[in-house]
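Reading through the structure tokens given below for one structure.
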Amino acid sequence: MVCRVTTFAFEGVEAQPVDVQVQMTSGNPAFHVVGLPDKAVGESRERVRAAFASLGLAMPPKRIIVNLAPADLPKEGSHYDLAIALAILAMMGVVPGDQLEAYAAIGELSLDGTLGETLGVLPAAMAAEAMDLQLICPQICGAEAAWAGGGVIAAPGLIALINHFTGRAVIAPPKPGELATESSGPDLRDVKGQEGAKRALEIAAAGGHNLLFCGPPGSGKSMLAQRLPGLLPPLSARELLEVSQIQSVSGLLQRGRLSRKRPFRAPHHSASMAALVGGGIKAKPGEVSLAHHGVLFLDELPEFSATVLDSLRQPLEAGEAVVARANRHVRYPARFQLVAAMNPCRCGGGLGAAACRRGPRCAQQYQARLSGPFLDRIDIYYDTPPVTAVDLTLPAPTEGTEEVRKRVSRARDIQSERFSEVVSDTCRPVNADAPLPELERHAVPDDAGVALLRQAAERLHLTARGYSRVLKVARTIADLEGATAVRRLHVAEALSYRHRPPALPEATVTEAAVAISANTAS
């Protein structure tokens with residue numbers, strides 16, 4: 001006779017069903033777990049044995065075989081304990097085995113028989129609900145599992161589960177956790193001066209564009225980047241579900257508490273490739289996935305390893321991070337908005353005593369740490385000037401985060417309606433992710449804009465990617481203005497935000513765009 005209990009293995013944020021099969025046969029007493037278990041799964045033998053001893057139950061003096069099917073799927077983690085324990089209890093006749101067919105179980109056993117906190121409960125609950133099964137999970141994870149909408153039994157330990165299935169004490173279903181209200185983050189009014197940088201930040205927020213601030217220390221680059229999440233609209237229901245699943249498998253959901261505030265991740269520049277993109281022994285999600293549908297802020301950009309930065313190129317294009325292993329590939333969603341800050345050179349490049357004394361060569365060597373293909377994926381590049389004492393003595397700006405957020409929200413509403421039919425897992429309803437057919441339908445400039453863009457493409461040596469990104473930024477500028485068509489003025493401003501290519505060492509892209517627009521008829 002074989003007893004079966006369903007549990008789950010995780011491939012990225014996807015919960016794959018695993019059939020836990022337990023058989024007891026005569027022979028020398030033994031306890032074996034087969035089916036490609038890792039060390040944590042193999043150690044479940046001792047946790048189950050100790051938990052049974054704490055309850056006053058003795059393991060049957062038989063040969064116990066636990067098979068985790070499918071056998072060719074790697075099993076990682078300690079969350080298989082509960083399913084194994086329940087299957088053995090059913091074989092011992094402690095709980096009715098026929099009732100377990102309607103349940104899936106996930107949870108780690110403590111030595112005293114209680115259930116500890118387990119990662120990935122939300123994706124497991126969603127998978128169980130899709131299979132028309134109820135989920136048995138630790139009590140501490142019940143609020144998280146209840147968000148899936150299916151039946152959930154959140155038990156503090158094995159004793160409570162035994163009493164529940166035997167009818168002695170029924171466990172009440174848990175309630176979903178708290179949906180956190182949005183907190184008022186830092187305000188744009190705190191930033192004095194830098195009106196051009198604020199304009200660039202508003203455009204980036206409205207269209208979901210990647211942004212790079214370059215300026216001397218103390219010019220407000222980090223302050224501006226930290227205020228970007230406050231300009232973005234809250235997560236939609238679909239986005240909230242995707243973000244919460246990633247946070248669940250990463251252990252970032254506290255008592256099932258969800259938040260509609262967009263993620264903001266700011267890793268240190270010493271972060272490794274596995275920390276940023278994902279990986280490790282168990283292929284955990286990296287910072288790019290934890291910033292899904294949010295903002296990834298990279299301060300001191302050239303101080304990151306060149307290999308690490310170039311590893312961001314694929315997630316920036318595809319919207320997902322793929323961690324390759326010898327026997328499988330793990331995919332994590334990674335549709336994020338990149339915001340970065342850097343000094344123009346290692347010396348800082350400020351004014352007066354803070355000015356660079358090594359000349360242009362210092363800036364050239366410092367910025368050469370960033371590869372051309374990586375910079376080509378930056379939609380908006382802005383040089384932030386130094387903040388002077390006069391700027392700091394000025395009164396606080398009259399326009400803050402709330403006023404800018406309203407304009408951003410109106411522009412995003414326009415884009416949501418425009419791209420309502422093309423939204424997918426790798427395409428957000430923003431101009432930055434507009435597919436080429438939609439770009440050709442909605443972002444073609446007028447004749448003067450086309451002429452300006454053609455001249456700029458030749459003079460600035462724009463790549464095909466750079467050309468399309470200029471059109472996307474121009475479309476966002478038009479949306480902020482409420483214009484239905486992209487005009488020459490929008491194209492000129494979008495061109496001013498392109499990074500200076502190596503072929504133009506003496507003139508910035510802004511100067512080139514202005515020079516071209518001066519020779520073009522209005």
Side-chain angles (χ1 to χ4, degrees), residues 7-16 38 40-41 74-81 106-108 115-128 135 137-138 140-148 176-180 229 235 238-268 270-298 308 311-312 315 319-325 328-338 425:
T7 188
F8 300 98
F10 296 101
E11 289 188 341
V13 295
E14 298 293 330
Q16 303 294 338
D38 71 346
V41 180
K75 318 299 188 306
E76 299 174 343
S78 59
H79 60 274
Y80 297 91
D81 294 359
I106 179 173
E108 177 184 338
L115 293 173
E117 188 172 4
T118 302
L119 304 182
V121 169
L122 179 59
M126 295 174 57
L135 182 71
C137 68
I140 194 173
C141 303
E144 176 182 337
W147 280 106
E178 177 188 357
L179 182 60
L235 294 168
R238 174 180 175 174
E239 292 172 339
L240 176 63
L241 187 60
E242 294 178 7
V243 170
S244 299
Q245 288 185 79
I246 299 173
Q247 293 175 342
S248 178
V249 299
S250 303
L252 298 180
L253 286 185
Q254 302 295 328
R255 302 281 182 171
R257 188 172 185 264
L258 306 188
S259 174
R260 296 190 65 191
K261 186 176 181 180
R262 294 186 178 271
F264 182 82
R265 306 292 298 185
H268 191 260
S270 61
S272 64
M273 186 185 300
L276 204 61
V277 180
I281 298 177
K282 296 185 179 181
K284 292 295 183 181
E287 293 291 337
V288 297
S289 297
L290 296 175
H292 185 54
H293 289 312
V295 177
L296 177 65
F297 176 47
L298 302 182
V308 171
S311 68
L312 296 178
E320 64 178 7
V322 181
V323 181
R325 290 291 182 265
R328 60 174 176 154
H329 287 69
V330 179
R331 298 177 182 271
Y332 286 106
R335 181 61 65 181
F336 60 94
Q337 183 175 357
L338 176 65
D425 293 339

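The first residue in the sequence is number 1, and the count goes up from there. Because only heavy atoms are used, hydrogens play no part in the values below, and waters and symmetry mates are left out as well, while side chains stay in.
Rounded to the nearest 0.5 Å, atoms CG (Leu296) and OG (Ser289) are 10.5 Å apart. Of the inter-residue distances, the one linking Leu312 atom CG with Met273 atom CE reads 9.0 Å to the nearest 0.5 angstrom. Atom CG of Leu115 and atom CD1 of Ile106 lie 11.0 Å apart (nearest 0.5 Å). Here Glu108 contributes atom CD and Cys141 contributes atom SG; the two are 10.5 Å apart, rounded to the nearest 0.5 Å.
The shortest side-chain heavy-atom distance between Cys137 and Thr118 does not fall under the 4.5 Å cut-off. The closest side-chain heavy-atom distance from His292 to Arg335 is below 4.5 Å. At a threshold of 4.5 Å between non-hydrogen side-chain atoms, the residues Leu240 and Leu179 count as touching. Using a 4.5 Å cut-off on side-chain heavy atoms (C-beta onward), Ile140 and Arg255 make contact. Using a 4.5 Å cut-off on side-chain heavy atoms (C-beta onward), Ser250 and Leu119 make no contact. Looking at heavy atoms from C-beta onward, Pro263 lies out of side-chain contact with Leu290 at the 4.5 angstrom threshold.
Nearest heavy-atom pair across Gly116 and Pro138 is O-CG, 3.1 Å. Here the shortest heavy-atom pairing between Ala15 and Pro123 reads CB-O, 3.7 Å. Taking every heavy atom of both residues into account, Val323 and Gly279 meet most closely at CG1-CA, 3.9 Å. Smallest separation of non-hydrogen atoms from Phe10 and Gly120: CZ-O, 3.2 Å. Scanning both residues, Ser78 and Ala40, for their nearest heavy atoms gives N-CB, 4.3 Å. Summarising the geometry of Ser244 relative to Leu258, their closest heavy-atom pair is OG-CD2, 3.5 Å, with the distance given to 0.1 Å.
Side chain of Tyr332 to main chain of Ala283: a donor-acceptor pair is present (N/O by atom type, distance under 3.5 Å, no hydrogens or angles). One N or O on the side chain of His79 and one on the backbone of Phe8 form a donor-acceptor pair closer than 3.5 Å. Using a distance-only test at 3.5 Å, with no hydrogens or angles considered, a donor-acceptor pair links the side chain of Trp147 to the main chain of Gly256. Of the possible polar contacts, one joining the Ser311 side chain to the Val308 backbone as a donor-acceptor pair under 3.5 Å is found. Proximity of a side-chain donor or acceptor of Glu144 to a complementary backbone N or O of Leu122 within less than 3.5 Å is detected. Side-chain N or O atoms of Arg260 include one that pairs as donor or acceptor with a backbone N or O of Leu235 at under 3.5 Å.
Residues Arg262 and Glu239 are paired through a salt bridge, judged by an N-O separation under 4.0 Å between the basic side chain and the carboxylate.
Partners of His268 under the side chain to side chain donor-acceptor pair (under 3.5 Å) rule, at least two apart in sequence or in another chain, are Ser270.
More than 12 heavy atoms of other residues, nucleotides or ligands shown are found within 6.0 angstrom of CZ on Arg265.
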